[in-house]
Amino acid sequence: MSAEYESWAREVRRMAGERRAVILAHNYQVPWIQDVADHVGDSLALSRQAGETEADLIVFCGVHFMAETAKILSPQKTVLIPDLEAGCSLAASITADQLRVWKAEHPGAVVVAYVNTSAEVKAESDICCTSSNAVEVVRSIPKDREILFLPDMFLGAHVERQSGRKMHVWMGECHVHAGIGAEEMQAKALAEPDAELMIHPECGCSTSAIYLLSEGVLPADRTKILSTGGMVEEASRSSASKFLVATETGILHQLRKAAPDKVFEPVNEYAVCRYMKTITPEKLLRSLEDMVFEVTVPEDIRVRAHRAVERMIEIAPASVAGHTSVTAS
């Protein structure tokens with residue numbers, strides 16, 4: 001580590017200690033923030049940490065819906081996000097008003113909301129899910145119930161395939177994952193016959209990957225569709241020495257830390273979320289010093305959203321969260 005990092009990190013940890021704060025960081029954050037955080041992980045892991053922490057203050061280095069989820073689970077705690085501009089193109093693809101109209105068109109349907117949604121949307125939903133437990137969540141719903149799945153169309157298609165359930169899927173997408181194309185993914189995989197391919201289910205290439213698996217174009221034994229948490233686990237346990245990674249490039253830092261003797265390359269080196277990257281080391285320190293920016297959720301919305309998030313956490317056992325296997329069926 002550089003002297004500059006060490007000086008900054010000492011000050012961050014000193015301030016965090018004074019504030020009785022816990023720092024949570026998503027896998028897509030910049031390396032310095034990942035390294036100074038108390039906990040780094042995917043949405044499900046960080047949701048659990050937010051609900052279990054004994055700290056007085058949660059500083060969430062992620063995007064706004066994640067900080068809202070922390071507040072939903074820990075209403076008595078102060079939750080800060082270092083930059084209010086840390087939004088999410090996927091979460092912005094559906095509003096609570098739009099969801100209410102959709103629900104009216106399908107009375108009695110079970111609403112499954114990906115955690116990449118606003119608190120207001122969660123409040124209108126029956127159960128939340130993450131990319132690591134979405135299949136389990138959908139399988140838990142009685143087969144005679146209609147399902148509305150939102151907002152990610154690529155994750156929805158993946159869940160339909162894996163669960164065998166037909167759903168109504170909202171046509172939203174993450175602008176970063178949508179930009180990772182099937183052709184570049186296939187070309188890289190074919191050019192690297194010994195590398196393992198890890199694909200996030202939000203990726204635009206994920207549905208194509210499942211089709212290519214079924215056609216035998218991609219090798220089933222070295223193609224995995226995984227959440228970011230699942231990727232970190234896979235990097236440690238796999239016997240492969242090289243990995244091609246189809247998701248936001250911030251995950252590469254955690255992968256290289258988990259398996260420093262292995263090689264990790266992005267399928268698309270330009271897959272960078274500008275919202276995640278609005279949170280800088282300087283902004284994290286300022287957040288602790290000045291107690292900015294506080295994230296709040298109206299209590300009536302929080303209570304309803306809390307039910308949906310809690311149901312998600314209850315369904316996915318911690319021992320299996322993060323890993324989704326794919327077979328060429």
Side-chain angles (χ1 to χ4, degrees), residues 25-31 33-35 40-46 62-63 89-90 116 130-132 134 152 154-155 157-158 162 173-213 217-277 321-326:
H26 192 269
N27 287 316
Y28 296 158
Q29 289 292 298
V30 298
I33 290 176
Q34 292 188 39
D35 290 342
V40 182
D42 59 15
S43 295
L44 181 58
L46 296 178
V63 291
S89 59
L90 179 57
N116 298 42
T130 70
S131 57
S132 58
D152 189 85
F154 298 115
L155 178 60
H158 169 69
Q162 293 298 105
E173 64 181 22
C174 161
H175 74 286
V176 174
H177 283 115
I180 302 176
E183 289 186 5
E184 62 183 327
M185 178 267 300
Q186 182 180 350
K188 284 184 178 288
L190 294 177
E192 299 278 0
D194 296 324
E196 186 170 302
L197 178 62
M198 298 195 294
I199 305 167
H200 195 283
E202 282 182 30
C203 283
C205 62
S206 63
T207 49
S208 296
I210 294 171
Y211 171 76
L212 294 172
L213 274 168
V217 176
L218 291 178
D221 61 339
R222 61 182 182 91
T223 302
K224 307 288 176 66
I225 297 183
L226 302 162
S227 69
T228 55
M231 288 180 181
V232 175
E233 293 176 12
E234 179 68 12
S236 298
R237 67 177 166 229
S238 173
S239 60
S241 59
K242 186 170 186 177
F243 298 80
L244 302 174
V245 184
T247 190
E248 209 271 355
T249 58
I251 189 63
L252 297 173
H253 183 64
Q254 279 301 305
L255 295 174
R256 289 163 180 160
K257 287 180 67 175
D261 57 330
K262 299 177 182 180
V263 176
F264 300 91
E265 293 183 358
V267 168
N268 184 334
E269 62 181 310
Y270 302 107
V272 177
C273 176
R274 62 184 177 88
Y275 298 110
M276 283 283 184
K277 299 312 194 269
H323 188 276
T324 302
S325 62
V326 176

Looking at [atom1] of [X] and [atom2] of [Y], how far apart are the two atoms once the value is rounded to the nearest 0.5 Å?
X	Y	atom1	atom2	answer
Cys203	Glu173	SG	CD	11.5 Å
Glu234	Phe243	CD	CZ	6.0 Å
Ser132	Asp42	OG	CG	5.0 Å
Phe154	Leu90	CZ	CG	10.5 Å
Lys277	Thr249	NZ	OG1	5.0 Å
Gln186	Leu212	CD	CG	5.0 Å

Can you see whether Thr247 engages His177 through a side-chain donor-acceptor pair at a distance of less than 3.5 angstrom? yes
What I want to check is whether the side chains of His175 and Ser89 have a donor and an acceptor closer together than 3.5 Å. yes
Backbone N/O of [Y] and side chain of [X]: donor-acceptor pair under 3.5 Å:
X	Y	answer
Gln34	Gly250	yes
Lys262	Ala235	yes
Arg222	Leu197	no
Glu248	Cys273	yes

Does any part of the side chain of [Y], heavy atoms only, come nearer than 4.5 Å to the side chain of [X], both counted from C-beta?
X	Y	answer
Asp194	Ser241	no
Leu255	Asn27	no
Met185	Leu218	yes
His200	Ile180	no
Val63	His26	no

Do the side chains of Arg237 and Glu233 get close enough for a salt bridge, i.e. N-O under 4.0 angstrom? yes
Non-hydrogen atoms of [X] and [Y] that approach each other most closely:
X	Y	result
Pro201	Ser206	O-OG, 3.1 Å
Asp152	Cys174	OD1-N, 3.9 Å
Thr207	Ala157	CG2-CB, 3.2 Å
Val267	Glu184	O-OE1, 3.6 Å
Ile199	Cys205	CG2-SG, 3.9 Å
Glu196	Ser238	OE1-OG, 2.9 Å

Starting from the C-alpha separation in whole Å, work towards a yes-or-no answer on side-chain contact (heavy atoms from CB on, under 4.5 Å) for Val232 and Ile251. CA-CA 8 Å; Val232 175; Ile251 189 63; 3.9 Å; yes
Would you sort out whether His253 and Asp35 count as a side-chain contact (heavy atoms from CB on, under 4.5 Å), showing the intermediate values? CA-CA 9 Å; His253 183 64; Asp35 290 342; 2.9 Å; yes
